[in-house]
There are 2 protein chains.
Amino acid sequence: MTAPRTLDRTLTALADPTRRAILQHLSSGEARVTEVAQPFSMSLNAVSKHILVLERAKLVKRRKVGRDHYLSYRSGPLDAAAKWIDTTRHFWASRLDTLEQLLRDEDAAKP
Amino acid sequence: MTAPRTLDRTLTALADPTRRAILQHLSSGEARVTEVAQPFSMSLNAVSKHILVLERAKLVKRRKVGRDHYLSYRSGPLDAAAKWIDTTRHFWASRLDTLEQLLRDEDAAKP
DNA sequence: AATATATTCAACCCTTTGGTTGAATGTCAA
DNA sequence: TTGACATTCAACCAAAGGGTTGAATATATT
């Protein structure tokens, strides 16, 4: 299972449009920090911070080559988050279904 | 499609263990604010605020009966988030696979 | 050696967030 | 009506988030 703190970090990282856009951009392959920052209207430093958040969440990996830092997308945490959400969702759905069934039965019993 | 702001709110709401626990609790049916707050070691007011966050994200619906507020879980946003994550994930996976394929081909072409 | 480039570090500034306490509001029950 | 209960509102606080600017570091280029 995914530790709660890990899930926190993953979801927090994903809960920001800039960071989602960064991941989007990295989906087509590695890119350097400056390249990743280029489309945004904020400072390079701001993007650098966003990248750090993604890195802490292990959604992005960094490979340093000389002065260049190559960033790449890592699928692990997103897979884990998807799995968590999905199992939780299904679990809840079945619980709610059961409840509904129960209420329906109770209704049907009323003559 | 889910509006970005909506997705932000959903993910932000989920990125907190207290709020996830609240949803967990609501999965077994409606509950009043005090009931929901009972298991936590924080003040009722703090929980009330968390509920508000869940409500803004439409993950929780409130039904007032006299002085009691009955809270219930709504599946919509979680379904949407799951769908978003999943399609994004698959899209990226295919992109990365394609890239890998490309590199493999290029490698194979080298005599 | 001097300069330009890629990136982070550090300090600062707002705003938001997650928590507190105390008072206010609305409803039920004696 | 008086008092207990369920809930929010309001003010406050400390910490975190997202942004800025300017300096520092490390590597390339000339």
Side-chain angles (χ1 to χ4, degrees), chain A residues 3-26 29-73 77 81, chain B residues 4-26 29-73 77:
Chain A
R5 298 265 165 103
T6 303
L7 194 54
D8 287 2
R9 269 194 283 268
T10 304
L11 293 172
T12 302
L14 291 176
D16 180 288
T18 302
R19 288 193 288 264
R20 286 199 301 272
I22 292 176
L23 289 182
Q24 203 83 247
H25 184 252
L26 289 180
E30 282 190 334
R32 290 177 304 112
V33 173
T34 314
E35 284 165 11
V36 165
Q38 185 268 323
F40 299 101
S41 55
M42 69 189 75
S43 77
L44 178 64
N45 277 5
V47 175
S48 178
K49 279 193 190 180
H50 279 299
I51 291 169
L52 240 148
V53 173
L54 291 168
E55 231 184 333
R56 277 201 302 262
K58 297 201 165 63
L59 280 159
V60 157
K61 202 187 137 200
R62 183 188 304 256
R63 180 171 67 92
K64 299 183 191 174
V65 175
R67 60 182 168 179
D68 296 324
H69 296 201
Y70 288 94
L71 308 170
S72 57
Y73 165 68
Chain B
R5 299 261 167 108
T6 303
L7 193 54
D8 287 2
R9 270 195 283 267
T10 304
L11 293 172
T12 302
L14 291 176
D16 181 288
T18 302
R19 288 193 288 264
R20 287 198 302 272
I22 292 176
L23 288 182
Q24 203 83 246
H25 184 254
L26 289 179
E30 281 190 334
R32 290 176 305 113
V33 173
T34 315
E35 284 164 11
V36 166
Q38 185 269 324
F40 299 101
S41 56
M42 68 189 76
S43 77
L44 178 66
N45 277 6
V47 175
S48 177
K49 279 193 188 179
H50 279 299
I51 291 170
L52 240 148
V53 173
L54 291 168
E55 232 183 333
R56 278 203 304 262
K58 297 200 166 63
L59 280 159
V60 156
K61 202 185 138 202
R62 183 188 304 257
R63 181 172 65 91
K64 300 183 191 174
V65 175
R67 61 183 168 177
D68 298 323
H69 296 201
Y70 288 95
L71 308 170
S72 57
Y73 165 67

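Chain letters run A, B, ... following the sequence lines, proteins first and then strands; every chain starts at 1. In this text, all values refer to a predicted model and were calculated from it rather than measured experimentally.
Residues passing the side-chain contact (heavy atoms from CB on, under 4.5 Å) test with B:Lys61 are B:Ser72, B:Arg74, sequence neighbours excluded. Under the side chain to side chain donor-acceptor pair (under 3.5 Å) criterion, B:Arg32 pairs with B:Glu35, not counting sequence neighbours. The side chain to side chain donor-acceptor pair (under 3.5 Å) search around B:His69 returns B:Arg62, not counting sequence neighbours. Qualifying side chain to side chain donor-acceptor pair (under 3.5 Å) partners for A:Gln38, counting only residues two or more places apart in sequence or in other chains: none.
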statement: Given protein heavy atoms under 4.0 Å, the one-letter contact record of nucleotides 18-29 of chain D, with B base, S sugar-phosphate only and - none, is simply SBBBB----BS-

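Between B:Ser48 and the phosphate of D:dT7, there is no side-chain N or O to OP1/OP2 separation shorter than 4.0 Å. Contact between the side-chain N/O atoms of B:His69 and the OP1/OP2 oxygens of D:dT8 is found at a separation under 4.0 Å.
Counting to the nearest Å, the C1' atom of C:dG18 and the CZ atom of B:Phe40 are 14 Å from each other. A straight line from CG of A:Leu54 to C1' of D:dG17 spans 14 Å, rounded to a whole angstrom. One can place CZ of A:Arg63 at 12 Å from P of C:dT7, the figure rounded to the nearest angstrom. We find that CD1 of B:Ile51 is positioned 10 Å from C1' of D:dT7, with the value rounded to whole Å. We find that CG of B:Asp8 is positioned 14 Å from C1' of C:dT16, with the value rounded to whole Å.
Residue pairs meeting the side-chain hydrogen bond (donor to acceptor under 3.5 Å, both in side chains) criterion with at least one partner in residues 44-54 of chain B, sequence neighbours excluded, are B:Arg19-B:His50.
Considering only heavy atoms from C-beta on, B:Val53 stays 4.5 Å or farther from B:Thr12 through its side chain.
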